[in-house]
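Here's the structure we're looking at; comments come further down.
Note: hydrogens, waters and symmetry copies are ignored here, and every other heavy atom, side chains too, is used. In what follows, chains are A, B, ... by sequence order, proteins preceding strands, each numbered from 1.
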Protein chains: 2
Amino acid sequence: MARPKHPQETRQRLLAAADEVFYAHGIRNSSVDEVAQRAGLTKRTLYYHFPSKDNLAAAYVQQRSDLTLARLIGAASSVAGPFAAKVAALFDAVERSATQAGWNGCPFIRTAGEFVDEPRHEAVRHASQHKKNLEAWFQAELVKDGYAGHQRLARQLMVLVDGAVAQLLLHRDPAYSQAAKQAAAALLGSARRPAAASR
Amino acid sequence: MARPKHPQETRQRLLAAADEVFYAHGIRNSSVDEVAQRAGLTKRTLYYHFPSKDNLAAAYVQQRSDLTLARLIGAASSVAGPFAAKVAALFDAVERSATQAGWNGCPFIRTAGEFVDEPRHEAVRHASQHKKNLEAWFQAELVKDGYAGHQRLARQLMVLVDGAVAQLLLHRDPAYSQAAKQAAAALLGSARRPAAASR
DNA sequence: GTCTATATGCCGATAGAC
DNA sequence: GTCTATCGGCATATAGAC
């Protein structure tokens with residue numbers, strides 16, 4: 001077995017292994033043995049770096065949230081022009097991920113579903129917070145572009161994104177993300193900026 | 001322990017118990033002991049009526065699908081007038097369910113998430129089929145009302161329904177189903193019937 | 001048809017050596 | 001810091017009595 005000298009490296013390796021295993025099979029359906037083995041370590045070492053499986057699961061969701069937010073907002077922000085164009089780019093990024101091998105749905109919705117009988121679980125709280133963070137970014141961009149009804153529009157965009165992901169998981173058919181993208185464009189189009197509408 | 005004489009009654013009782021237990025905790029996170037105990041029977045009797053836990057899980061999802069479709073389509077159909085009004089009633093029915101104690105999200109999305117590493121599982125197939133059945137009803141109603149683009153509109157309605165349910169599970173806030181209902185109204189309004197638009 | 005009792009295996013977490 | 005070995009519990013599924 002490999003024996004890294006620096007504890008932070010070992011911790012990161014365990015987190016990377018947890019990400020693969022938990023995302024592939026679900027948290028409750030994975031064992032800490034699987035995670036440790038994937039990291040090339042033993043269970044006992046895992047428990048040296050993490051106090052419990054629940055704590056490891058929470059760290060996994062938190063790390064996923066950071067990476068996912070950076071990827072989604074990055075894909076949207078890489079496009080110049082109005083907010084509607086950025087939203088279209090975000091839906092395209094979602095579709096690209098979802099059509100790749102190994103894609104297994106939204107880890108945050110899946111975590112909320114897995115631990116529906118433990119709503120206070122730290123992993124569930126991180127999952128909810130992730131969605132709130134994306135919604136807050138939507139809202140800030142809508143305000144920046146002068147949209148009226150930014151609160152409702154941001155909620156509708158969240159509904160469209162998560163609805164598209166749910167359908168993609170159920171049917172594995174990109175037609176649903178296309179439909180969601182068009183719905184987002186229609187909603188943003190009909191709720192034009194008041195400044196533009198009054199000119 | 002109660003000893004019903006008719007096997008069909010016992011089977012139904014086990015199915016009712018499975019519905020409660022599986023929906024409350026998830027399928028993989030429930031034991032057949034829990035289900036049998038909830039039914040007032042023993043595990044051995046459960047295995048007399050069902051060949052395996054997987055088979056029981058599939059029967060649970062199938063039964064949930066029948067009841068859910070009847071309830072949703074019934075709530076929509078109880079409203080007179082155009083299809084848009086029926087859709088609004090459907091979103092209201094979803095919100096009423098979701099704000100009741102014991103509501104734990106969409107069992108079909110949750111099942112697809114739980115068994116994401118077993119996509120051929122019978123329970124997963126029933127869950128996908130359930131969504132396809134609701135989408136087919138949407139499409140038939142859209143055709144009946146003379147909407148153009150009924151295929152895309154039906155997909156968008158599915159995205160909005162499941163997106164609303166996902167947000168309701170994550171945040172337990174009916175503002176998201178309200179937002180989804182308004183988005184559905186806006187999409188149906190801007191995609192008016194070609195007959196009405198050309199008159 | 002329903003029961004008690006059990007086979008067999010995996011789980012999360014820990015003891016103690018080095 | 002990482003290892004080998006193990007504890008106690010619970011899982012699905014089955015044996016055999018009545």
Side-chain angles (χ1 to χ4, degrees), chain A residues 1-22 24-61 111 114-115 117-118 120-124, chain B residues 1-18 20-61 111 114-115 117-118 120-124:
Chain A
M1 300 275 181
R3 299 184 191 185
K5 301 158 188 170
H6 307 302
Q8 292 296 31
E9 282 180 21
T10 304
R11 190 188 154 92
Q12 278 304 314
R13 181 187 308 198
L14 284 164
L15 260 180
D19 189 78
E20 291 179 38
V21 173
F22 286 163
H25 308 292
I27 296 170
R28 280 179 161 170
N29 199 47
S30 303
S31 68
V32 292
D33 256 328
E34 274 178 87
V35 173
Q37 198 162 10
R38 168 78 64 148
L41 299 165
T42 62
K43 188 167 47 175
R44 190 65 185 84
T45 303
L46 188 151
Y47 276 103
Y48 177 83
H49 291 276
F50 296 91
S52 67
K53 180 184 179 182
D54 282 338
N55 182 276
L56 177 64
Y60 149 70
V61 173
T111 297
E114 268 197 299
F115 293 93
D117 55 351
E118 284 182 69
R120 316 259 293 183
H121 195 294
E122 208 181 339
V124 176
Chain B
M1 299 278 182
R3 299 183 192 184
K5 301 158 189 171
H6 307 302
Q8 291 296 31
E9 281 181 21
T10 304
R11 191 189 154 92
Q12 278 304 315
R13 183 187 306 198
L14 284 164
L15 260 180
E20 291 179 38
V21 173
F22 285 162
Y23 183 65
H25 308 292
I27 295 170
R28 279 179 162 170
N29 198 47
S30 302
S31 69
V32 293
D33 255 329
E34 274 179 87
V35 173
Q37 199 162 11
R38 168 76 67 148
L41 299 164
T42 64
K43 189 168 42 177
R44 191 64 185 84
T45 303
L46 187 151
Y47 276 104
Y48 177 83
H49 291 274
F50 295 92
S52 67
K53 180 184 178 182
D54 282 338
N55 182 275
L56 177 64
Y60 149 70
V61 173
T111 297
E114 267 196 300
F115 292 93
D117 56 351
E118 283 182 71
R120 314 259 293 184
H121 195 295
E122 209 182 340
V124 176

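A donor-acceptor contact under 3.5 Å is not formed by the side chain of A/Arg11 with the base of D/dG1.
In this structure, CG of A/Asn29 is placed 15 Å from C1' of C/dG12, rounded to the nearest angstrom. What separates CG of B/Asp54 from C1' of D/dA11 is a distance of 13 Å, to the nearest Å. Atoms NZ (B/Lys53) and C1' (D/dT14) sit 17 Å apart, rounded to a whole Å. Rounded to an integer number of Å, the gap from OH of A/Tyr47 to C1' of D/dC3 is 16 Å. C/dA13 atom P lies 10 Å from atom CG of A/Asn55, rounded to whole Å. Across the protein-nucleic acid pair, B/Arg28 atom CZ and D/dT12 atom C1' stand 14 Å apart, rounded to whole Å. Here C/dG1 presents its C1' atom at 10 Å from CG of B/Leu41, a figure rounded to the nearest Å. Taking atom CG of residue A/Leu46 and atom C1' of nucleotide D/dT4, one finds them 16 Å apart after rounding to whole Å.
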Which atom pairs, donor and acceptor, lie under 3.5 Å between side-chain atoms of residues 33-40 of chain B and protein residues at least two apart or in another chain?
unit_1	atom_1	unit_2	atom_2	d
B/Asp33	OD2	B/Lys43	NZ	3.4
B/Glu34	OE2	B/Ser31	N	3.2
B/Arg38	NH1	B/Glu20	OE1	2.6

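Taking side-chain N and O atoms only, B/Thr42 has a distance below 4.0 Å to OP1 or OP2 of C/dC3. The side chain of B/Ser52 places no N or O atom within less than 4.0 Å of a non-bridging phosphate oxygen (OP1 or OP2) of D/dA13. OP1 or OP2 of D/dA11 lies within a sub-4.0 Å distance of a side-chain N or O belonging to B/Ser31.
For B/Arg44, counting side-chain heavy atoms from C-beta on, the closest listed nucleotide (C/dA13, D/dA15, C/dT2) is D/dA15. Listed nucleotides D/dT4, D/dG1, C/dC3 differ in distance to A/Tyr48; the shortest reach to its side chain belongs to D/dG1. The side chain of B/Lys43 sits closest to D/dT12 out of D/dT2, C/dA13, D/dT12. Relative to the side chain of B/Thr45, the nucleotides D/dT14, C/dT2, C/dG12 differ in distance, and C/dT2 lies closest. The listed nucleotides are C/dG1, D/dT2, C/dG12; the one nearest the side chain of A/Val32 is C/dG12.
Contact annotation: the side chain of A/Tyr47 approaches that of A/Val32 to within less than 4.5 Å [non-hydrogen atoms, C-beta and beyond].
Taking all atoms of both residues into account, the shortest heavy-atom contact from B/Ile27 to B/Lys53 is O-NZ, 3.0 Å.
A perpendicular orientation is assigned to the rings of B/Phe22 and B/Tyr60, their planes being inclined by more than 60° (bins at 30° and 60°).
The backbone N or O of B/Gly26 lies less than 3.5 Å from no partner atom in the side chain of B/Glu114, so there is not a single donor-acceptor pair.
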